[in-house]
Amino acid sequence: MNQHANLPPIPFIDVASQRRRLGRAIDDAIARVTTHCQFILGPEIKTFEAELAKFCGARHVVTCASGTDALALALMAKGISPGDAVFCPSFTFCATAEVVALVGATPVFVDVEADTFNVDPKGITPAIGTAKRLGLRPKAIIPVDLFGLPADHDALAAVASANGLFVLDDAAQGFGAIYRGRKLGALGHATATSFFPAKPLGCYGDGGAVFTDDDTFAETLLSLRVHGQGSDKYDNVRIGMASRLDTIQAAVLIEKLKIFPDEIAARDRAARYYAEGLANLVVAPTVPAGLTSVWAQYTIRIAGGRRDQVAAALKAEGVPTAIYYPIPLHRQQAYKHYPVGEGGVAVSDRLAGEVLSLPMHAYLDKATQDRIIGAVKRAVSH
Ligand SMILES: Cc1ncc(COP(=O)(O)O)c(C=O)c1O
């Protein structure tokens with residue numbers, strides 16, 4: 001009998017501890033909204049957008065109903081349409097490519113780098129060739145700051161500007177992270193993020209935002225999120241969506257943003273503790289010089305086809321894990337007919353069989369981490 005099997009289960013993400021910490025502040029914030037009753041685009045929306053802009057240094061922030069909508073609204077504002085090719089990694093959450101297909105354009109899959117999990121800038125030029133051969137117009141790149149780590153934005157900006165491509169950063173997992181002195185949100189032509197509850201900055205439902213420094217683009221986003229409205233509410237000048245962040249969620253997020261820097265620091269401490277404890281046991285994630293991660297996930301790699309066995313051993317000890325992502329997009333039914341850029345996506349295929357995410361949140365204490373590290377040690381040495 002495994003003496004470690006009877007310990008209480010560990011949460012993968014601990015939203016409840018954060019809720020306890022925020023206490024009355026959240027109750028009062030929600031009560032203010034239920035008192036003034038402006039549930040759609042109430043005053044908290046503008047306040048939160050201004051706070052977010054201040055936090056990351058973007059000129060404009062337009063909140064919306066989800067991270068997926070944030071990506072879609074940005075593509076719509078840019079006029080991405082059928083016949084356009086949009087380059088994105090295959091090793092990501094489906095929404096990154098889904099929005100491209102939703103606006104009628106074609107996602108072209110590019111491989112990622114094994115050590116950062118992020119799109120390989122060297123894959124973009126060959127993929128542009130692939131798109132052109134297929135008769136598509138290369139229009140945009142959607143890099144993803146996967147697991148909280150910024151993509152190689154300078155290299156991507158260089159290839160984008162050489163080829164006239166629009167860069168929409170998918171910072172759904174990375175918002176709050178820093179790339180060479182700049183916070184995500186202030187990089188690329190536009191950035192999208194998600195406030196899904198499990199995200200580093202999550203709300204109590206769905207929510208998202210688009211960031212941009214471009215005044216006209218921001219105006220278009222404001223129109224698009226309310227059915228493409230013009231200067232008069234009932235004069236619609238374009239096809240849009242009903243995609244607003246709920247005022248109650250903005251009220252929640254205003255309170256959460258206050259503790260976000262402290263939570264990012266706590267996540268980073270937990271990541272460092274994992275790195276020390278797991279050194280030489282598994283391939284631990286690395287952070288390139290000049291970058292920070294917000295550790296949306298702490299994802300280790302276990303090669304040799306042993307990942308699932310290790311996950312099962314951890315589960316038996318009450319340590320939850322998750323696999324982000326078991327099937328790269330180019331292999332999924334909904335996406336497999338879309339092109340893969342020349343050069344292929346071999347790293348994405350390999351990572352899908354090796355990655356394993358461990359519990360990660362701002363309230364992870366050392367005792368719990370010691371238990372997790374011990375369980376990993378036992379699992380990999382079997
Ligand atoms: C990389 C990435 N892009 C987009 C999204 C979509 O965000 P949402 O779930 O808020 O629509 C998510 C999160 O789920 C994500 O992880």
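Whatever order the structure lists them in is the order used to number ligands and atoms, beginning at 1.
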Residue and atom name of the nearest protein heavy atom (relative to [atom]), distance in Å to one decimal:
atom: atom 16 (O) of ligand 1; value: Q173 NE2, 2.8 Å
atom: atom 12 (C) of ligand 1; value: F93 CD2, 3.5 Å
atom: atom 3 (N) of ligand 1; value: D170 OD2, 2.7 Å

Heteroatom proximity flag, [X] to ligand 1, N/O under 3.5 Å:
X: D69; answer: no
X: G67; answer: yes
X: S194; answer: yes

Q.
Please tell me whether F217 and F166 form a close aromatic pair, meaning their ring centres lie under 6.0 Å apart.
A. yes
Q. Looking only at non-hydrogen atoms, which of G207, A172, S66, G202 approaches atom 2 (C) of ligand 1 most closely?
A. A172
**Q.** side chain to side chain donor-acceptor pair (under 3.5 Å) partner of E44, the single match among Q38, H36, R32
**A.** H36
Mind checking whether [X] and [Y] have parallel, tilted or perpendicular rings, split at 30° and 60°?
X: Y338; Y: F109; answer: perpendicular
X: F147; Y: Y324; answer: tilted
X: F260; Y: F175; answer: parallel

Q | Flag, side chain of R307 to backbone of A352, donor-acceptor distance under 3.5 Å | A | yes
Proximal ligand 1 atoms for [X], defined as those under 4.0 Å from one of its heavy atoms:
X: A95; answer: 4 (C), 5 (C), 6 (C)
X: K199; answer: 12 (C), 13 (C), 14 (O), 15 (C), 16 (O)
X: V144; answer: 1 (C)
X: T68; answer: 6 (C), 7 (O), 8 (P), 11 (O)

Q) Could R21 and D14 be called an ion pair, given the rule that one side-chain N must be under 4.0 Å from one carboxylate O? A) no
Q) Looking only at heavy atoms, what is the nearest atom pair of R371 and R378, with distance? A) O-NH2, 4.4 Å
